[in-house]
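Let me begin by presenting the structure, written as structure tokens, before commenting on it.
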Amino acid sequence: MRGCLRIGAIGGEAFMPYVTAILAELSAQHPDITVEIRSINFVEQTYVLHRREVDAAFLRPPLPPGLRSLHLATGPRVACLPADDPLVAQAPLTLAQLSDRVVVDVPIPELREWWDYWTVNPRPDGRPVRYGPAAGDMEALLSAVARGQAIAFLPAEARHDYTRRGVAYVDVTDLPLSTSSLAWLTDQDHPPVAALLQAARAVLQRN
């Protein structure tokens with residue numbers, strides 16, 4: 001099979017072991033398919049597939065409507081705090097200990113459901129999250145945290161992928177797990193996408 005496959009990846013997803021394994025499998029099965037990886041930010045994930053700017057994307061659910069998805073992995077999440085926050089020394093933490101901390105927000109209403117999941121809003125005791133400055137991408141989010149404006153919750157891999165001055169990552173014992181998915185449009189009939197899904201399923205079956 002020949003062709004070009006444009007793949008979006010949010011955050012550090014392009015470097016996750018399951019993604020590199022899937023792309024290696026795709027290359028082995030179809031060496032004439034050219035793969036282009038595009039890094040996408042929080043806002044772009046709501047439209048890059050629907051506008052067909054990419055053919056498929058590695059995203060973190062919950063996903064926007066109108067997409068099909070293949071579950072790839074499940075893993076822990078962590079809290080991202082200013083490095084000088086007194087709670088850093090008390091880790092591991094609970095969500096109750098973080099209840100008075102302002103949380104980074106996202107800039108568009110279309111992301112509300114997704115971000116409420118990531119911020120655990122409302123909290124288990126029913127209390128709503130207090131949102132602070134909005135960030136459309138990881139660097140803006142980390143900058144807000146480092147400056148002490150707010151905290152955030154991220155996949156545990158952020159410890160290695162996003163080391164920044166002024167930022168600390170701590171475990172939270174009752175923080176729900178996160179999942180990773182390969183997403184594509186329900187009406188997608190681009191043959192290289194079918195090849196990508198075949199490669200993904202082959203990797204998942206082996207693992």
Side-chain angles (χ1 to χ4, degrees), residues 6-27 35-46 48-49 54 56-64 69-85 87-88 91-93 95 98 101 103-107 111 114-115 117-120 132-173 175-183 196 199-200 203-204 207:
R6 302 165 302 166
I7 303 176
I10 192 169
E13 285 298 288
F15 301 98
M16 293 297 102
Y18 45 84
V19 173
T20 55
I22 290 169
L23 297 181
E25 179 74 15
L26 176 67
S27 179
V35 174
E36 298 177 1
I37 300 294
R38 170 178 168 179
S39 177
I40 57 178
N41 60 37
F42 302 154
V43 176
E44 289 175 318
Q45 70 169 320
T46 64
V48 286
L49 280 165
V54 297
F58 292 105
L59 301 176
R60 292 276 177 163
L63 301 178
S69 64
L70 178 66
H71 174 262
L72 301 177
T74 300
R77 288 193 280 167
V78 293
C80 179
L81 275 63
D84 59 359
D85 190 307
L87 287 179
V88 173
L93 305 175
L95 285 170
L98 296 166
R101 297 299 196 271
V103 180
V104 176
D105 202 0
V106 286
L111 288 169
W114 180 72
W115 201 237
Y117 168 80
W118 277 94
T119 58
V120 195
D137 57 39
M138 282 296 299
E139 293 303 324
L141 179 149
L142 294 170
S143 175
V145 173
R147 288 180 289 141
Q149 294 182 316
I151 69 168
F153 299 101
L154 297 172
E157 293 87 355
R159 279 193 168 107
H160 311 289
D161 296 338
Y162 295 102
T163 56
R164 298 292 188 273
R165 293 185 180 89
V167 169
Y169 297 99
V170 298
D171 294 323
V172 181
T173 56
L175 192 59
L177 299 176
S178 71
T179 58
S180 302
S181 293
L182 173 59
L196 176 65
V203 168
L204 294 173
N207 293 338

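Note that the structure is a prediction, hence the values are computed from the model and not measured.
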Among all residues two or more places apart in sequence or in another chain, which pass the salt bridge (Lys or Arg N to Asp or Glu O under 4.0 Å) test with [X]?
X: R159; answer: D171
X: R60; answer: E13, E157
X: D137; answer: none
X: D161; answer: none

State the [atom1]-[atom2] distance between [X] and [Y], to the nearest 0.5 angstrom.
X: I10; Y: S180; atom1: CD1; atom2: OG; value: 10.5 Å
X: I7; Y: E36; atom1: CD1; atom2: CD; value: 10.0 Å
X: I40; Y: L49; atom1: CD1; atom2: CG; value: 7.0 Å
X: L72; Y: T179; atom1: CG; atom2: OG1; value: 9.0 Å

By side-chain contact (heavy atoms from CB on, under 4.5 Å) - contacts of [X] (at least two apart):
X: L87; value: L81, D85, Q90, L93, Q97, L98, R101
X: F15; value: none
X: A21; value: V203

Could you tell me whether a side-chain N or O of [X] sits under 3.5 Å from a main-chain N or O of [Y], the two making a donor and an acceptor?
X: H71; Y: A73; result: yes
X: Y169; Y: L154; result: no
X: W115; Y: V104; result: yes

Can you list everything that forms a side chain to side chain donor-acceptor pair (under 3.5 Å) with [X]? Sequence neighbours excluded, please.
X: T163; value: none
X: E25; value: Q29, R206
X: T119; value: Y131
X: R164; value: E139

| query | Looking only at heavy atoms, what is the nearest atom pair of I151 and P82, with distance? | reply |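 Smallest heavy-atom distance, with atoms named: CG2-CD, 4.1 Å.
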| note | Residues at least two apart in sequence or cross-chain that pass ring pair (Phe, Tyr, Trp, His ring centres under 6.0 Å) with F58, listed by chain then number, are none
| query | What do the steps show when you test L95 against L175 for side-chain contact (heavy atoms from CB on, under 4.5 Å), and what is the final call? | reply | CA-CA 7 Å; L95 285 170; L175 192 59; 3.9 Å; yes
